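Chain naming here is simple, since letters A, B, ... match the order of the sequence lines and numbering starts at 1 in each. As the structure is a prediction and not an experimental result, all values here were calculated from the model.
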Number of protein chains: 2
Amino acid sequence: MNSTELLKKHGLRLTKPRQAVLGRFQEKSGTAVSIKELMAVFSNEIDKVTLYRTLHTFEETQLIHRIYDDSGLEKYALCVGTCDTHTHDAHHNHAHVHFKCESCEQTECIADAELPVINLPNGYTSKSANFVVIGVCGKCS
Amino acid sequence: MNSTELLKKHGLRLTKPRQAVLGRFQEKSGTAVSIKELMAVFSNEIDKVTLYRTLHTFEETQLIHRIYDDSGLEKYALCVGTCDTHTHDAHHNHAHVHFKCESCEQTECIADAELPVINLPNGYTSKSANFVVIGVCGKCS
DNA sequence: GTTTATGCAAATTCTTTGCAATACT
DNA sequence: AGTATTGCAAAGAATTTGCATAAAC
């Protein structure tokens, strides 16, 4: 699905910044995109405030999901698979496993890895999870 | 082990801020401590710069480990179990599973939960991992 | 006595807010 | 036309750096 269709499907207006940012996510599908990277790429076209707002809008509409790796920076990745359907039900799940390479600093989705189910203590309920494995990726080792 | 012994064992000088901070970690063992909390607790005794530096020193010497939950803030927890021995080998592992409660904002160690082993693609090596389950804890539900 | 840690001030980085101008439907 | 989005400036958090003073070994 192209960026225009995706934006429409999620009820968002078609603006230049949104199309540019979403396009970038699609190019880098499977890899986390940081706000820093977006600022560098679009420094001449898009204001940083717009980037922040665009990412937050995309996150709310579940076009993208945030990943918390050890950089502490805002990083997001495109929702794929089940996320592709714009469902807001309880089972909508962004809980992929991600891998952060210490060397090249890239964070990517490990598509094959199912998110393990953790046995929580009594009375605890799980809504989502953030699982990042840190190490060295294939290219860097 | 008391805070004095622990500091000595890790080759750190015995200073008032370090003893206070380490003491706090020991009181709250099993729970993540944020820098914000430390600032509030020790606002009259310890400068915030000292808090940052103390935490970073503790992290380097592997007294504590950082947890990346969805707050984005610096949070740490005391290293326990295997971490208690001041080993710097490759198997030193801080990879506990943590649980962040959406309601009370507390992040704690799930002691019972072993960190699952993820099947990485060929050529990838894992050094550590950050796994935070997000939901509602027993007290809040 | 020498080395290391602390505290203060100030700088940097990251993120958010307010508001007028502009673009989308 | 009417509503939502953008860009700029400026404010607000969070974190780091420099340096003189003070504390630990």
Side-chain angles (χ1 to χ4, degrees), chain A residues 2-25 32-61 63-76 105 107, chain B residues 2-25 32-61 63-76 105 107:
Chain A
N2 64 36
S3 59
T4 304
E5 288 178 73
L6 253 177
L7 287 171
K8 273 191 190 163
K9 196 171 74 167
H10 287 254
L12 298 175
R13 286 194 178 183
L14 265 49
T15 70
K16 227 157 55 172
R18 287 180 181 167
Q19 301 211 356
V21 171
L22 186 49
R24 181 81 188 174
F25 273 103
V33 177
S34 70
I35 189 128
K36 206 172 173 180
E37 174 184 335
L38 291 172
M39 281 182 192
V41 172
F42 297 116
S43 57
N44 297 320
E45 307 164 52
I46 311 176
D47 187 77
K48 69 175 185 305
V49 175
T50 302
L51 286 176
Y52 276 105
R53 288 197 273 231
T54 301
L55 292 177
H56 294 159
T57 302
F58 283 4
E59 191 182 13
E60 277 169 26
T61 56
L63 257 166
I64 59 177
H65 59 277
R66 184 160 174 183
I67 299 162
Y68 298 86
D69 67 12
D70 61 353
S71 73
L73 300 176
E74 291 197 7
K75 277 193 185 174
Y76 296 90
E105 302 266 299
T107 297
Chain B
N2 65 36
S3 58
T4 304
E5 288 177 74
L6 252 179
L7 287 172
K8 273 191 190 161
K9 198 172 70 166
H10 287 254
L12 298 175
R13 286 194 177 182
L14 265 49
T15 71
K16 228 158 53 174
R18 286 179 182 168
Q19 301 210 353
V21 171
L22 186 49
R24 181 81 187 173
F25 273 104
V33 177
S34 69
I35 190 129
K36 207 172 173 179
E37 174 184 334
L38 292 171
M39 282 183 192
V41 173
F42 297 116
S43 57
N44 298 319
E45 308 164 50
I46 310 175
D47 186 77
K48 69 175 186 305
V49 175
T50 303
L51 287 176
Y52 276 105
R53 288 196 272 230
T54 300
L55 292 178
H56 294 159
T57 303
F58 283 4
E59 192 183 13
E60 276 169 26
T61 56
L63 258 167
I64 59 177
H65 60 276
R66 184 160 175 184
I67 298 162
Y68 298 86
D69 67 12
D70 60 353
S71 72
L73 299 176
E74 290 196 9
K75 278 192 184 174
Y76 296 89
E105 303 266 299
T107 298

Please work out which residues in residues 13-23 of chain A have a non-hydrogen atom less than 4.0 Å from an atom of DNA chain D and list them by number.
-> Arg13(A), Thr15(A), Pro17(A), Arg18(A)
Under 4.0 Å from any atom of DNA chain D, heavy atoms only: list the residues of residues 39-46 of chain A that qualify, in numerical order.
-> Glu45(A), Ile46(A)
So, do Arg13(A) and Arg18(A) sit near enough that their side-chain heavy atoms are less than 4.5 Å apart?
-> yes
Using a 4.5 Å cut-off on heavy atoms from C-beta on, say whether the side chain of Glu74(B) contacts that of Tyr52(B).
-> yes
First and last nucleotide of DNA chain C in contact with chain B, 5' to 3', at under 4.0 Å to a heavy atom: what are they?
-> dT3(C) to dA9(C)
Considering all heavy atoms of both residues, which atom of [X] and which atom of [Y] are nearest to each other, and what is their separation?
X        : Y        : answer
Gln19(A) : Leu7(A)  : CG-CD1, 3.8 Å
Pro17(A) : Ile46(A) : CA-CD1, 3.8 Å
Leu22(A) : Ser3(A)  : CD2-O, 3.6 Å
Glu45(A) : Val41(A) : OE2-O, 4.3 Å

Estimated bend of the helix from dG1(C)-dC25(D) to dT25(C)-dA1(D) (axis per five terminal pairs, rounded to 10 degrees) | 40°
Just checking, is any N or O donor in the side chain of Lys75(A) or Ser34(A) under 3.5 Å from an acceptor N or O on the other one?
-> no
[atom2] on [Y] to [atom1] on [X], rounded to 0.5 Å:
X         : Y        : atom1 : atom2 : value
Glu105(B) : Asp69(B) : CD    : CG    : 8.5 Å
Phe25(A)  : Ile64(A) : CZ    : CD1   : 4.0 Å
Arg53(A)  : Lys48(A) : CZ    : NZ    : 10.5 Å
Leu51(A)  : His56(A) : CG    : NE2   : 10.5 Å
Ile67(A)  : Leu73(A) : CD1   : CG    : 12.5 Å
Tyr76(B)  : His65(B) : OH    : NE2   : 11.0 Å

Listed partners of Arg24(B) passing side chain to side chain donor-acceptor pair (under 3.5 Å), at least two apart | Glu37(B)
Taking for each residue the nucleotide of DNA chain D bearing the nearest heavy atom, is the 5' side occupied by Lys48(A) or by Val49(B)?
-> Lys48(A)
Can we say Arg66(B) and Asp70(A) salt-bridge, meaning some charged N sits less than 4.0 Å from an Asp/Glu carboxylate O?
-> no
Taking 5' to 3' order, which nucleotide of DNA chain D is first and which is last to have an atom within less than 4.0 Å of a heavy atom in chain B?
-> dA14(D) to dC25(D)
